[in-house]
Each structure stands twice: as structure tokens, then as C-alpha cells.
Amino acid sequence: MDLELDGWGDGSEPVQSTETVLRRVPRSQMEGRRRDRITFRAFRPRQLKDLTGISLARQKYRGPEGVAAMPPRCPYVLAIVAEDVFRAGMSLVPDPLLPDSPGHCLLPELNSSDRASATSLRLQEELFARSRIVGPFAETDHGDSE
């Protein structure tokens, strides 16, 4: 169930250390012959799309199920407490995409310009180690119309 926006702001307020942020894990970022294994590479920046940092969603605006259901649907999300991101020396920059995604934020230290560097790989591994896997979620609509 997605959380109500009342009283949370418009998404431009700073990310608090007590917040949980979510990273979508599309099947294309999973590993293994059947694309069924999640690894640290779920935090790897995409070469063309993550120029200013990887995208995350603030859970106070949209819960794990809602984040997974955003197109394209994802079977899993990774949840991490913002304080763990900050302790690793990284930042979370609010980047609300109104009206659909006010909780969108960026992690600028992981971006496409140095996505394969030793530092980037270390940060990806550290984030993954501190994350919790949430899911699986349905990857297709089943025609439910309630």
C-alpha cells in the first residue's frame, strides 16, 4: 500500500537519515542464467541514463509495492536506510519528478561517468551489503480492477 502524501511536503525537502530509500531491481539488472540472482550490480549506474546519479525512491512517498509497479515493473526492490548511505560517505539529493514521483532522489556519487571504477564498485558493494531485498512482486498485470 502506498503512503499518503499529506504532511510530507513536495519531495524537495532534504532526505532525513531515518528515511528508507528504495532501489528498483529490474530483471535486466539481475544475474544468473535465468536472471534470478540479485547482486551489488543492482546499484550500478546505467551508461546513458544515470549521468547525474542513480535513482532511488523515498519510501515515505511510495512503498516497495508501488515502486516495483512503476513501469517497467520490477520483481524486487532493495531497501536501505538513508543513514547507511550517509555513513558510506554518499549523499541523497531530492529530485522530485512531479506529479508522478515526488519521492524520486539521486545518489550522485554513483553515476555513469565512473561506473566501472574501483571506487564505484566498492560503493555499489557497500550499499548492497547494507540493503534488504524486498519482493518478489508481480511483473505483469493480472487484470485486477478493484
A quick test of your reading: do over 12 heavy atoms of other residues, nucleotides or ligands sit less than 6.0 Å from CD of Q47?
no

Point-to-point distance, once rounded to the nearest 0.5 Å, from NE2 of H104 to OG of S55:
3.0 Å

Between L127 and M90, does a side chain to side chain contact (heavy atoms under 4.5 Å, CB included) hold up when you go through it step by step?
CA-CA 10 Å; L127 286 175; M90 293 177 273; 3.5 Å; yes

Cluster link V85 to V15, ILVMFWY, side chain under 4.5 Å:
yes

Heavy-atom distance under 4.5 Å between the side chains of V77 and V25, does that happen here?
no

Is the backbone N or O of M30 less than 3.5 Å from a side-chain atom of R37, with the two atoms forming a donor-acceptor pair by type?
no

Between CG on residue N111 and CG on residue L51, distance to nearest 0.5 Å:
8.0 Å

Do NZ/NE/NH1/NH2 and the carboxylate oxygens of E19 and R58 come within less than 4.0 Å?
yes

Single-linkage hydrophobic cluster L22~F43, side-chain heavy atoms < 4.5 angstrom:
no

Return the OG to CD distance between S120 and E109, rounded to the nearest 0.5 Å.
10.5 Å

Over all heavy atoms of both residues, which pair between R115 and P45 is shortest? Give the atoms and the distance, please.
NH1-O, 2.6 Å

Please identify each residue that fulfils side chain to side chain donor-acceptor pair (under 3.5 Å) with S112, with sequence neighbours left out.
none

May I have the step-by-step check of side chain to side chain contact (heavy atoms under 4.5 Å, CB included) for L56 and L92, ending in yes or no?
CA-CA 9 Å; L56 294 106; L92 294 166; 4.1 Å; yes

Contact check, side chains of F137 and P64, non-hydrogen atoms, under 4.5 Å:
yes

Heavy atoms of L121 and A116 approach each other most closely as CD1-O, 3.8 Å

Assess whether side chain to side chain contact (heavy atoms under 4.5 Å, CB included) is satisfied between V21 and L107, documenting all intermediate values.
CA-CA 10 Å; V21 291; L107 199 159; over 6 Å; no

P99 and P102 have their tightest heavy-atom pair at O-CD, 3.8 Å

Are any side-chain N or O atoms of E13 and backbone N or O atoms of G11, one a donor and one an acceptor, separated by less than 3.5 Å?
yes

dist L123:CG -> F128:CZ (nearest 0.5 Å) comes out at 15.5 Å

Between E139 and C74, is any pair of side-chain heavy atoms under 4.5 Å apart?
no

Closest non-hydrogen atom pair, P14 against P94:
CA-CG, 4.0 Å

Let me confirm one number: the CG-CG distance from D50 to L110, rounded to the nearest 0.5 Å.
9.0 Å

Heavy-atom donor-acceptor pair, R46 side chain to I54 backbone, under 3.5 Å
no

In the hydrophobic cluster built from side-chain contacts under 4.5 Å, what are the other members alongside M70?
none

Would a distance-only check, ignoring hydrogens and angles, find a side-chain to backbone donor-acceptor pair under 3.5 Å from R23 to S131?
no

Test: R130 and E83 ion pair at under 4.0 Å:
no

Taking the side chain as everything from C-beta on, heavy atoms only, tell me whether P96 gets closer than 4.5 Å to S101.
no

Exercise: identify the closest heavy-atom pair between R41 and Q29:
O-NE2, 4.4 Å

Looking at every non-hydrogen atom in both residues, tell me the closest pair between G135 and Y76 and how far apart they are.
C-CE2, 3.7 Å

Report the distance from atom CD1 of I80 to atom CD of E126, rounding to the nearest 0.5 Å.
8.5 Å

